[in-house]
J.: 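So that we are looking at the same thing, I have put the structure below in structure tokens.
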Amino acid sequence: MKRTLIKETPQLVGQTVTLKGWVNVRRDHGKIVFIDLRDRTGLVQVVLVPELAKDFHTEDVIAITGIVKQRPEKLVNPNIETGTIEVEAKETELFSKAAELPFDMGKETLEVELPTLLDYRSLTLRHPKVQAIFKVQAVVIDAFRKALQAKDFLEFQAPSIISAVPEGGAEVFRVKYFDHEAYLSQSPQLYKSLLVTAFERVFSVNHIYRAEPSVTTRHLTESTSLDAEFGFIESWEEVQEMEEYVVRFIFDEVNSRCAKELALYNATIPLISEKIPVIKLRDAQEIIFQRTGRDVRAEKDLAPEDEREICAWAKEEKDSDLVFVSHFLTKKKPFYVHPDPADPTYAYSVDLLCRGVEWSSGGQRLSDYQTIVNNVHEWGLSEKGIALYLQAFKYGSPRLGGFALGAERITMHILGLKNIREATMFPRDMERIDVRLSTLE
RNA sequence: GGGGCUGUAGCGCAGUUGGUUAGCGCGUCUCCCUGUCACGGAGAAGGCCGCGGGUUCGAGUCCCGUCAGCCCCGCCA
């Protein structure tokens with residue numbers, strides 16, 4: 001018989017249906033047995049006689065053929081979407097038996113610590129509350145695409161294998177590449193910029209790789225970067241405005257498409273004011289000094305503590321969970337960053353902070369060929385490995401800029417997760433590639 | 001790389017100033033239960049207290065080492 005999805009059952013009262021899915025939980029009452037069956041669309045209560053319930057256990061994969069029945073009013077369960085009905089089983093079939101579970105899967109919340117959550121990833125990804133994280137993430141990424149497609153951006157696939165390290169700063173993974181050495185890309189930055197000279201407006205959803213020896217709650221060695229870049233801008237503010245539009249678009253989509261998922265985490269979309277406040281690094285540091293007495297005014301960057309403080313300021317003073325910080329030090333940024341002509345010490349760069357953490361960085365890029373070449377030398381880089389990038393600007397380029405958002409960080413902060421690994425299906429860090437590396441020795 | 005904290009049953013945890021037989025909840029197994037929905041009730045199994053050494057009459061508890069994990073800082077296109 002044709003399979004019916006669980007979410008369809010409330011509309012099929014009186015009909016015989018075949019449901020296929022996993023046993024979420026079994027409640028045995030002797031002469032009557034209840035099974036909450038789970039498929040990708042939801043949960044439904046199945047009523048069975050013991051003979052049909054067999055020895056079904058949590059996570060067994062089964063099929064149930066039965067009649068959809070309206071529940072009497074006093075038996076309605078308002079907590080599940082199919083709570084007005086139940087399915088009275090007439091026939092059951094076991095597809096696949098589940099081994100004894102290492103923890104309780106039938107609970108509303110998985111009560112496991114992070115290492116257990118990841119050690120049993122194939123299993124924990126079945127849990128509805130865990131799945132909610134990745135539904136939100138899928139919507140975030142989809143909304144990013146939709147927002148930029150609506151502005152006529154072209155999606156491209158950036159390469160992961162690169163021949164030279166143009167950025168400096170972050171550590172890179174080396175890979176053996178036949179007789180040569182290559183690297184894993186830390187960013188599609190140079191590709192998206194050079195593509196602007198061909199397509200004007202481009203974006204990409206790519207994995208990026210960082211060999212930073214960082215063990216924190218917000219760093220991964222492999223993560224998903226949402227990149228956008230576009231040309232013919234008038235100023236760096238246009239980049240910041242485009243980013244604001246994209247972030248707002250993402251929030252709207254998540255709000256309208258993920259109400260259920262947000263509710264599971266008791267989460268609310270970050271508060272976004274009519275206009276996200278934009279503040280220069282030095283002004284931000286002055287504000288921190290005024291608020292806390294902590295003098296960070298000579299620092300070259302914001303420490304995590306500073307990022308939290310400036311977010312607190314934005315929240316209290318500007319009614320916004322988000323805040324842009326601009327004009328970082330040119331020398332702390334990569335060679336392609338565009339200095340502010342008014343004071344070249346500072347750059348047309350802009351980070352987006354949300355709920356205490358950096359969500360993105362972006363800004364205006366250099367577009368003048370000779371200036372770029374000079375900077376390549378000044379930054380101590382080699383022209384050879386980035387020849388294609390330089391070529392793009394040699395043959396004419398519009399004024400350009402762009403930004404990159406971290407998909408996992410957005411997901412994490414929307415849902416209020418404490419560790420970015422929770423917002424990553426298969427997180428890689430210094431100690432883990434699917435399994436703990438220490439277990440492989 | 002620096003600092004802090006934690007390793008006790010499958011999972012999540014408690015365990016007093018060092019004291020006799022190692023505790024709780026969930027899960028698992030057996031039995032009972034026709035209206036539960038995190039069902040309930042009765043019973044049972046399940047532990048080299050991460051590992052190694054030390055102090056002590058006596059160590060889950062104190063000390064040293066080691067391994068594993070978590071958090072903070074640093075680093076972070």
Side-chain angles (χ1 to χ4, degrees), chain A residues 24-37 43-50 55 57-59 71-72 74-80 82-83 86 88 99-120 123-124 158 162 165-172 183-193 206 208-221 223 225 227 301-305 307-308 332-337 349 351 357-358 360-363 379 402-404 406 418-419 421 429-432 436-439 441:
Chain A
N24 203 62
V25 69
R26 172 187 179 129
R27 291 180 294 279
D28 205 318
H29 287 248
K31 295 283 193 302
I32 184 171
V33 178
F34 300 101
I35 284 178
D36 290 346
L37 190 71
L43 278 176
V44 70
Q45 172 164 278
V46 181
V47 188
L48 311 96
V49 294
D55 65 340
H57 274 75
T58 305
E59 294 310 311
R71 293 200 199 185
K74 61 175 182 176
L75 294 180
V76 165
N77 181 354
N79 298 321
I80 61 173
T82 61
E86 61 191 2
E88 196 177 288
E100 184 181 326
L101 299 168
F103 39 76
D104 311 351
M105 282 288 288
K107 304 292 176 198
E108 286 164 353
T109 298
L110 259 188
E111 287 182 6
V112 295
E113 291 283 293
L114 187 63
T116 309
L117 182 79
L118 300 178
D119 285 345
Y120 290 95
L123 190 55
T124 57
I162 58 172
V165 182
E167 305 274 0
E171 298 289 329
V172 291
Y183 309 90
L184 292 181
S185 178
Q186 306 158 279
S187 161
Q189 178 62 47
L190 299 192
Y191 295 96
K192 68 177 180 176
S193 284
N206 278 112
I208 56 168
Y209 308 88
R210 287 177 297 212
E212 288 300 328
S214 296
V215 184
T216 77
T217 53
R218 59 190 186 283
H219 288 94
L220 298 163
T221 54
S223 69
S225 184
D227 274 86
D301 204 349
L302 295 177
E305 189 183 358
E307 292 180 344
R308 287 192 288 271
K332 286 282 287 181
K333 291 286 175 182
F335 72 92
Y336 50 75
V337 69
S349 63
D351 283 10
V357 172
E358 182 185 329
S360 85
S361 57
W379 261 251
F403 55 91
K418 287 197 218 72
N419 194 308
R421 291 161 185 77
D429 60 36
M430 278 183 84
E431 313 295 347
R432 178 185 295 273
R436 295 183 216 180
L437 297 174
S438 61
T439 64
E441 284 152 11

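Numbers restart at 1 for each chain; the letters A, B, ... are given by sequence-line order, proteins then strands. What you see below is based on every heavy atom in this structure, not just the backbone, and it leaves out hydrogens, waters and symmetry mates.
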J.: Given atom CG of A/Leu37 and atom P of B/C37, what is their separation to the nearest angstrom?
T.: 19 Å
J.: Go through the structure and list residues passing side chain to side chain donor-acceptor pair (under 3.5 Å) with A/Thr216, not counting sequence neighbours.
T.: A/His219
J.: Output all residues satisfying salt bridge (charged side-chain N to carboxylate O under 4.0 Å, His left out) with A/Arg432, sequence neighbours left out; order by chain, then residue number.
T.: A/Asp119
J.: Any idea which of B/U36, B/U28, B/C33 is nearest the A/Lys31 side chain?
T.: B/C33
J.: Measuring to OP1 and OP2 of B/C72, would you say a side-chain N or O of A/Thr217 lies under 4.0 angstrom away?
T.: yes
J.: Whole-Å distance between B/A38 C1' and A/Ile80 CD1?
T.: 13 Å
J.: With sugar-phosphate meaning primed atoms plus P, OP1 and OP2, does A/Pro213 contact a base, only sugar-phosphate, or nothing at under 4.0 Å between heavy atoms?
T.: base
J.: Which part of the nucleic acid, if any, lies within reach of A/Ala404 when heavy atoms closer than 4.0 Å are counted: base, sugar-phosphate only, or nothing?
T.: nothing
J.: Does any N or O donor sit under 3.5 Å from an N or O acceptor when you compare the side chain of A/Arg71 with the base of B/C37?
T.: yes
J.: Take atom P in B/C57 and the same atom in B/A68, then report the distance between them in whole Å.
T.: 35 Å
J.: Atom pairs under 3.5 Å, N or O on each side, protein against nucleotides 8-14 of chain B: can you list them with distances?
T.:
from: B/G10; atom 1: O2'; to: A/Pro102; atom 2: O; distance (Å): 2.5
from: B/C11; atom 1: O4'; to: A/Pro102; atom 2: O; distance (Å): 2.9
from: B/C11; atom 1: O2'; to: A/Glu111; atom 2: O; distance (Å): 3.0
from: B/G12; atom 1: OP1; to: A/Glu113; atom 2: N; distance (Å): 3.1
from: B/G12; atom 1: OP1; to: A/Thr116; atom 2: OG1; distance (Å): 3.0
from: B/C13; atom 1: OP1; to: A/Glu113; atom 2: OE2; distance (Å): 3.1

J.: My understanding is that only residues two or more places apart in sequence, or in another chain, count here; which of them pass salt bridge (charged side-chain N to carboxylate O under 4.0 Å, His left out) with A/Glu113?
T.: none
J.: If you check the A/Asp36 side chain, which of B/C37, B/C76, B/G35 turns out closest?
T.: B/C37
J.: Could you work out the separation of B/G23 and B/G47 based on their P atoms and round it to a whole Å?
T.: 14 Å
J.: Rounded to whole angstrom, note down the P distance from B/G19 over to B/G15.
T.: 13 Å
J.: When you check the phosphate oxygens OP1 and OP2 of B/G69, does a side-chain N or O of A/Arg421 lie under 4.0 Å from one of them?
T.: no
J.: Less than 3.5 Å between a donor and an acceptor, one on the side chain of A/Glu212 and one on the base of B/G74, is that the case here?
T.: no
J.: Heavy atoms under 4.0 Å is the rule here; annotate nucleotides 40-49 of chain B 5' to 3' with B where the base is hit, S where only the sugar-phosphate is, and - elsewhere.
T.: ----------
J.: Rounded to whole angstroms, how far apart are CG on A/Asp55 and C1' on B/C29?
T.: 13 Å
J.: Base, sugar-phosphate or nothing for A/Arg436? Non-hydrogen atoms, less than 4.0 Å.
T.: sugar-phosphate
J.: Quick test of the criterion, 5.5 Å between centres and less than 30° between planes. Is A/His29 stacked on B/U36 or not?
T.: no
J.: Under the side chain to side chain contact (heavy atoms under 4.5 Å, CB included) rule, what do A/Met105 and A/Leu110 come out as? Steps first, then yes or no, please.
T.: CA-CA 7 Å; A/Met105 282 288 288; A/Leu110 259 188; 4.0 Å; yes
J.: If the P atom of B/A22 is compared with that of B/C63, how far apart are they to the nearest Å?
T.: 23 Å
J.: Taking only the side-chain nitrogens and oxygens of A/Arg27, find out if one of them lies under 4.0 Å from OP1 or OP2 of B/C39.
T.: yes
J.: How close or far is atom C1' of B/C39 from atom CZ of A/Phe34, stated in whole angstroms?
T.: 9 Å
J.: Expressed as a whole number of Å, how far does the C1' atom of B/A59 sit from that of B/C48?
T.: 14 Å
J.: Please work out the stems of RNA chain B from pairs that are Watson-Crick or G-U wobble with both distances under 3.5 Å, keeping only runs of three or more consecutive pairs.
T.: B:1-7 with B:67-73, B:10-13 with B:23-26, B:28-32 with B:40-44, B:50-54 with B:62-66
J.: Is A/His219 near enough to B/C72 that one of its side-chain N or O atoms lies under 4.0 angstrom from OP1 or OP2?
T.: no
J.: Would you kindly give the CG-to-P distance between A/Leu75 and B/U34, to the nearest whole Å?
T.: 16 Å
J.: Can you sort out the partners of A/Ser360 under side chain to side chain donor-acceptor pair (under 3.5 Å), two or more places apart, ordered by chain and number?
T.: A/Glu243
J.: By nearest nucleotide on RNA chain B, pick out whichever of A/Asp301 and A/Lys418 is the more 5' one.
T.: A/Lys418
J.: Return the set of residues passing ring pair (Phe, Tyr, Trp, His ring centres under 6.0 Å) with A/Tyr209 (not counting sequence neighbours), or none when no residue passes.
T.: none
J.: Taking CE from A/Met430 and C1' from B/G69, how many angstroms apart are they, rounded to a whole number?
T.: 14 Å
J.: Of all residues at least two apart in sequence or in a different chain, which pass the side chain to side chain donor-acceptor pair (under 3.5 Å) check with A/Glu307?
T.: none
J.: Could you pick out which residue, A/Thr216 or A/Ser361, lies toward the 5' side of RNA chain B when each is mapped onto its nearest nucleotide?
T.: A/Thr216
J.: Using the C1' atom in both, what is the distance from B/U20 to B/G58, to the nearest Å?
T.: 10 Å
J.: Closer than 4.0 Å, any side-chain N/O of A/Asn419 to the OP1 or OP2 of B/C71?
T.: yes
J.: Would you please name every residue forming a side chain to side chain donor-acceptor pair (under 3.5 Å) with A/Glu59, sequence neighbours left out?
T.: A/Arg38, A/Arg126
J.: If I take atom CD in residue A/Glu88 and atom P in nucleotide B/C37, what distance separates them, rounded to the nearest angstrom?
T.: 20 Å
J.: So, the side chain of A/Arg71 versus the backbone of A/Gly83: is there a donor-acceptor pair under 3.5 Å, distance only?
T.: yes
J.: When all nucleic acid strands are considered with a 4.0 Å heavy-atom cut-off, which category describes A/Val25: base, sugar-phosphate, or nothing?
T.: sugar-phosphate
J.: The criterion is salt bridge (charged side-chain N to carboxylate O under 4.0 Å, His left out); which residues satisfy it with A/Asp301, sequence neighbours excluded?
T.: none
J.: Return the set of residues passing side-chain contact (heavy atoms from CB on, under 4.5 Å) with A/Leu37 (not counting sequence neighbours), or none when no residue passes.
T.: A/Ile6, A/Leu19, A/Val44, A/Val46, A/Ile62
J.: Take the protein atom NZ of A/Lys107 and the nucleotide atom C1' of B/C39, then report the distance between them rounded to whole Å.
T.: 10 Å
J.: Provide the distance between the two C1' atoms, one in B/A9 and one in B/G46, to the nearest whole Å.
T.: 6 Å
J.: Could you tell me how far B/C72 sits from B/G27 if I compare only their C1' atoms? Round to whole Å.
T.: 34 Å
